There are 2 protein chains.
Amino acid sequence: MADTGARTRRRGKALLDAIYAAAVEEAAAAGPGRLTMDAIAKRAATARTTLYRRWSDPLDLLLEALAELHPVEQPDPGAHDLRGDLIASLRLMTDWSSSAAGRAVMAIVADPARDPAVVEALFERVFARRGGTFTQTVLRHYAEHGRLDPDRLTPVVLDIGEALVTKRMIDTGTAPDDAYLAAIVDQAILPAVGPETETR
Amino acid sequence: MADTGARTRRRGKALLDAIYAAAVEEAAAAGPGRLTMDAIAKRAATARTTLYRRWSDPLDLLLEALAELHPVEQPDPGAHDLRGDLIASLRLMTDWSSSAAGRAVMAIVADPARDPAVVEALFERVFARRGGTFTQTVLRHYAEHGRLDPDRLTPVVLDIGEALVTKRMIDTGTAPDDAYLAAIVDQAILPAVGPETETR
DNA sequence: AATGTTAGCTACATTCATGTATCTTACTTT
DNA sequence: AAAGTAAGATACATGAATGTAGCTAACATT
């Protein structure tokens, strides 16, 4: 009975990466409520026992997977086109939200049975390296360069763009197009942050 | 062996109401992914067979339960205090979102494994009788009375309040307090809808 | 080359939810 | 009062996921 299916045997990073990817994809597809060791193992083409040797829980595995995935791309604002930089930062956000990792995170935080400690750990691990939310990075950048009034950058104002994108994705189930992102910037964010200071 | 537990036997509306309540509570507690006939039956203190006589599916049951529950309360704006009416409408929203029905709906729409047809049916059944979203009702009312510029009430602007409340609830897991609702109105909605027209 | 580690596989008992079938009996209708 | 309806209870076969155990062979370390 010589030839079993597996030609090579993965180890270390190669194996872990496959498991991480499988966990995130499975969470994005099924939601954390339906996440099982079984399904992750099947998707990663490995044995369930391999998973149990490292993690006790599907959620435990998923959190580690999200932490190990590539960090979220950060907006890189210039200082000459506030409107364009804001739209670009929202586009970064929709790109990430549409990814498996983004949908997995959304599923976790929207889960009514979520553990607050889990959500906190998630925010720390996934967003720790980032300077804040997407539009926040841009707005703070312009405020530091004297182009926006820092007093108007309240927590509410810094959340407007992300909130509208999130709601739109919840309502329609898909990422908004460029026209909608532009509308968010023109009709909601820019009126809230006030007039741009003249460059001297 | 006379005395079995059940003293009376529920029928018709009394039974259905108990089942509906159990389904919504169970969905709010566990999320639609973990919703089972078993758990609903236990919570409603009835037999699983009773559920299967009427519904084939936990989700089928839940949708009917949500449709049969009391409709969402509607904001009743005056025309003299835009700021106060907006805050009150957002308070209505947080009250509903905090209820079992609200959390159940949130769990359904945020479910990555959601069926678009289910979401559509849900919106039709639950929001059909309502004139729109919470702040939308207020803003439209003021526009009709000539106090706001109708051209500024775009889909994006009408969504600002609900979007910020939703994001806040996702982030913190609890309903925002009055100060935060006031901040949303003052710092995001009012700047976006523009100056109020003078009363003649 | 010998040794240690562990991925991959199989097997098993357990638990939980499913869907169906059957029976009794409380309640309703006629 | 008799007949019909359906709630409530029990039982059962099925399937999925769990967590554990044991084996073998591929790969790494010495």
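It should be emphasised that the depicted structure is a prediction, and the values quoted were computed from it without experimental measurement. Proteins get letters first, then strands, A, B, ... in listed order; numbering begins at 1 in each. Basis for what follows: all heavy atoms, side chains included, without hydrogens, waters or symmetry-related copies.
Here the P atom of nucleotide D:dA17 and the CZ atom of A:Arg43 are 13 Å apart, to the nearest Å. Atom CH2 in A:Trp55 sits roughly 15 Å away from atom P in D:dG19 (whole-Å rounding). For B:Arg48 and D:dT10, the CZ to C1' distance is 11 Å, given to the nearest whole Å. What separates NZ of A:Lys42 from P of C:dC9 is a distance of 13 Å, to the nearest Å. We find that CD of B:Glu26 is positioned 14 Å from C1' of C:dC16, with the value rounded to whole Å. Summarising the geometry, the separation between OH on A:Tyr52 and P on C:dC9 is reported as 17 Å, rounded to the nearest angstrom. When rounded to the nearest whole Å, the span between CE of A:Met37 and C1' of D:dT20 equals 13 Å. Separating the CG atom of B:Asp38 from the C1' atom of D:dT10 is a distance of 14 Å, rounded to the nearest angstrom.
Using a 4.0 Å cut-off between a side-chain N of Lys or Arg and a carboxylate O of Asp or Glu, A:Asp111 and B:Arg34 qualify as a salt bridge. Salt bridge annotation for B:Lys167-A:Glu162: absent, with no cationic side-chain nitrogen under 4.0 angstrom from a carboxylate oxygen.
Note: the hydrophobic cluster containing B:Val24 does not contain B:Met106 (ILVMFWY, side chain heavy atoms under 4.5 Å, direct or indirect links).
B:Arg53 contributes no side-chain N or O that forms a donor-acceptor pair with the base of D:dA6 under 3.5 Å.
Relative to the side chain of B:Thr50, the nucleotides C:dA17, D:dG19, D:dA7 differ in distance, and D:dA7 lies closest. Closest contact between the side chain of A:Leu15 and the listed nucleotides C:dA7, C:dT18, D:dG8 involves C:dA7. The B:Thr49 side chain lies nearest to D:dT10 when the options are D:dT18, D:dT10, C:dT18. Closest contact between the side chain of B:Arg9 and the listed nucleotides C:dT10, C:dT24, C:dA17 involves C:dT24.
The shortest heavy-atom contact between A:Asp171 and B:Phe123 is OD1-CZ, 4.2 Å.
Using a 4.0 Å heavy-atom distance criterion, A:Arg34 is classed as making no nucleic acid contact. Among the atoms of the strands shown, only primed sugar atoms or phosphate atoms (P, OP1, OP2) are found under 4.0 Å from some heavy atom of A:Arg10.
Projected onto DNA chain C by closest heavy-atom contact, B:Ser56 and A:Arg11 fall at different nucleotides, the more 5' of which corresponds to A:Arg11.
Side-chain nitrogen and oxygen atoms of A:Thr46 include at least one within less than 4.0 Å of the OP1 or OP2 phosphate oxygen of C:dG8.
With rounding to the nearest 0.5 Å, the separation of CG in B:Leu63 from CD1 in B:Ile108 is 5.5 Å.
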